[in-house]
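Structure, as structure tokens:
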Number of protein chains: 2
Amino acid sequence: MTVSRVLRNRGDVSRATRERVLEAAKKLGYVPNKIAGALASQRVNLVAVIIPSMSNMVFPEVMTGITEVLDDTPLQPVVGITNYKPEREEKVLFEMLSWRPSGVILAGLDHSEATRAMLAATDIPIVEIMDVDGDPVDAVVGISHRRAGREMAEAIMKAGYRRVGFLGTKMPLDHRARKRFEGFTQALGKNGLEIIDQEFYSGGSGLAKGREMTEAMLSRTPDLDFLYYSNDMIGAGGLLYCLGKGMNVPDDIGLAGFNGVSLLNGLPKVLATMDACRQEIGRLAAQIVADRSIGKDSRHGNRIELSPSLSPGDTLRKV
Amino acid sequence: MTVSRVLRNRGDVSRATRERVLEAAKKLGYVPNKIAGALASQRVNLVAVIIPSMSNMVFPEVMTGITEVLDDTPLQPVVGITNYKPEREEKVLFEMLSWRPSGVILAGLDHSEATRAMLAATDIPIVEIMDVDGDPVDAVVGISHRRAGREMAEAIMKAGYRRVGFLGTKMPLDHRARKRFEGFTQALGKNGLEIIDQEFYSGGSGLAKGREMTEAMLSRTPDLDFLYYSNDMIGAGGLLYCLGKGMNVPDDIGLAGFNGVSLLNGLPKVLATMDACRQEIGRLAAQIVADRSIGKDSRHGNRIELSPSLSPGDTLRKV
DNA sequence: GTGAAAGCGCTAACAA
DNA sequence: TTGTTAGCGCTTTCAC
């Protein structure tokens, strides 16, 4: 009826009626029922966002980018957490799809068979984020982690380091970390090098973990001249350890992390790292969904590969 | 019809039909429409979570606690971000309520008139989190930031520090930071002390910001013997600065932060801090909503005050 | 510019 | 154990 028209600002309502309705609505504390609205209109202003974790700082940052863009639209994010488990991803996605959202943003390109099937079966816009190494179902925005690993390896070799150790997460299901590692070792291999020592951990990343792993590795293999960490947090811990031991960074030993965590600038030395373009990825993904939801086909196209920039900081020898 | 019963595992369906339905559903790639279901049953398995920001690590941690508990229930979180703006909070809440969620979890006790009115008008379970200094609409779980500030001040004075500087966020709308500051100054005042110098910043917190502010303050007011930071990140930056300058921590100068960010353990010295019980708050809040959604527990009158514990680390002189 | 009527795809209650 | 029916509170369409 007319009330519905007023509340949705559709035209064709006289000023008088309009005001009367608005007043009544306010007086009654009326809150529209979007469920009924959605059912009737077959339109839902929700965007499903499916990420592995909130503890890894990367994902809140992606979320920040997403909300930043969605805030200027009628769309709302709905977050689901998978804890890096394919079966949880499946369940969460199913749950989300049953709300018929306007779009789905999910991390990574590696999904279970069932997940891929669900994604393929729906005509909801799907944006896979973070990673571009693989076949997207629909749209994708991210970086190539293989290339990121490769470029870091190349920079390290170019700087003259030869005896490289790797410290990272023990997470077979963190495909992005795995791909970085693959790209890294592959590039070393091309130059006839290989990783001399490696150490994997499980559990949360923190400075302390980085310290402790670094100590373990260096006491086991003292003649390393470079340490590559799978993230900045443990890298920073390693850096503090090395500096504390009076080592000469980056001359005796070089260090690098990954992510470009700007919070950590302010360490005694700036850690070499590679920006993962997290917020930007969130923004672009949200933009694609927002555009599609109003029938605009995204001006960016369906595949956006960002280029992470390597910043050598103070822990990578200048060539 | 029967199909509905099968899909919701309601009893009274024969094995044969059951399997037949399940198979057909799978073959057709059937995804139920929760919108229609929710409309018909007046039940929605969504929990609205309204927080100020994702960039401040505190909130992702709360979210982690929330999802941890909700994962074992049929409930799903829906996140809204307010950027510390009351008018955004109002809008986000309105939007959320129009989905008739099973519960609302929102940060803080300080809301606009309209927000309070909406909260009071609904019979959805409301849990206000983080802060207990004020009047909750319904349930509340958090810590007393006034008391946290007070206790830190008392510990500092007891340790013999007398010339205290404060470094914090310039955020009139971050009520929790404000309350900590109030409790802090008040406790100092009781002992005839006051803050000698203070510095506020805006923008993100990071080690670099802490460094820079500390440098500014100490060059302006060199005779301070204690620096109290509004969060651990800038506190850690300050610590690195002081150590870098060769100052004697904690004897010449003491430092403390707030939040108990365990990621930062691993600094050359452990920063004194106070745990804000973030994950625990998230868990408890989610538990209240989960309980209420299945009719457990009495409506109204839930109040959980957690006690943040002060850990002196290495930057608060031992008495 | 306004109202009336017909669903949207489910669930709840009841009948068979 | 199964099928039937009547809404849930909106939006859409169409008549006035």
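No experiment lies behind these values; they were computed from the predicted model shown. Below, chains carry the letters A, B, ... as their sequence lines are ordered, and counting in each starts from 1.
Rounded to an integer number of Å, the gap from CD1 of A:I35 to P of D:dG9 is 10 Å. With rounding to whole Å, A:R100 atom CZ is found 19 Å from D:dT11 atom P. Straight-line distance from the NZ atom of B:K34 to the P atom of D:dC8: 22 Å, rounded to whole Å. To the nearest angstrom, P of D:dT11 lies 13 Å from CD of A:Q42. B:R18 has its CZ atom 15 Å from the C1' atom of D:dT2, to the nearest Å. Atoms CG (B:N45) and C1' (C:dC10) sit 14 Å apart, rounded to a whole Å. In this structure, the CZ atom of A:R43 is 17 Å from the C1' atom of C:dG9, given to the nearest Å.
Listed candidates were D:dG9, D:dT12, C:dG9. Nearest to the side chain of B:A36 is C:dG9. Among the nucleotides D:dC10, C:dG1, C:dC10, the one closest to any side-chain atom of A:S14 is C:dG1. Counting only heavy atoms from C-beta on, B:N33 has its side chain closest to C:dC10 among C:dC8, D:dC8, C:dC10. Nearest to the side-chain atoms of A:T17 among the listed nucleotides C:dT2, D:dT12, D:dT11 stands C:dT2. When the nucleotides D:dG9, D:dT12, C:dG1 are ranked by their closest atom to the side chain of A:S41, D:dT12 comes out on top.
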Handout entry: Intermediate values then yes/no, side chain to side chain contact (heavy atoms under 4.5 Å, CB included), B:V141 and B:M130
Key = CA-CA 6 Å; B:V141 19; B:M130 317 299 286; over 6 Å; no

Practice task
Test salt bridge (charged side-chain N to carboxylate O under 4.0 Å, His left out) on B:R303 and B:E305 and set out the steps.
Solution key: CA-CA 6 Å; B:R303 184 197 147 94; B:E305 176 174 347; 3.0 Å; yes

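The side chain of B:Y30 places no N or O atom within less than 4.0 Å of a non-bridging phosphate oxygen (OP1 or OP2) of C:dG9. Close to C:dC10, at under 4.0 Å from its OP1 or OP2, lies no side-chain N or O of B:S4.
Annotation: of the two residues near DNA chain D, B:R15 and B:L39, the 5′-most nearest-nucleotide partner is B:R15. Between B:R20 and A:V31, the one whose closest nucleotide on DNA chain D sits nearer the 5' end is B:R20.
Judged by distance alone, with hydrogens and angles left aside, the side-chain atoms of A:D138 form no donor-acceptor pair with the main-chain N or O of A:V127 at under 3.5 Å.
The closest side-chain donor-acceptor pair between B:D133 and B:S144 falls under 3.5 angstrom. For A:H111 and A:E90, the side-chain atoms include no donor-acceptor pair closer than 3.5 Å.
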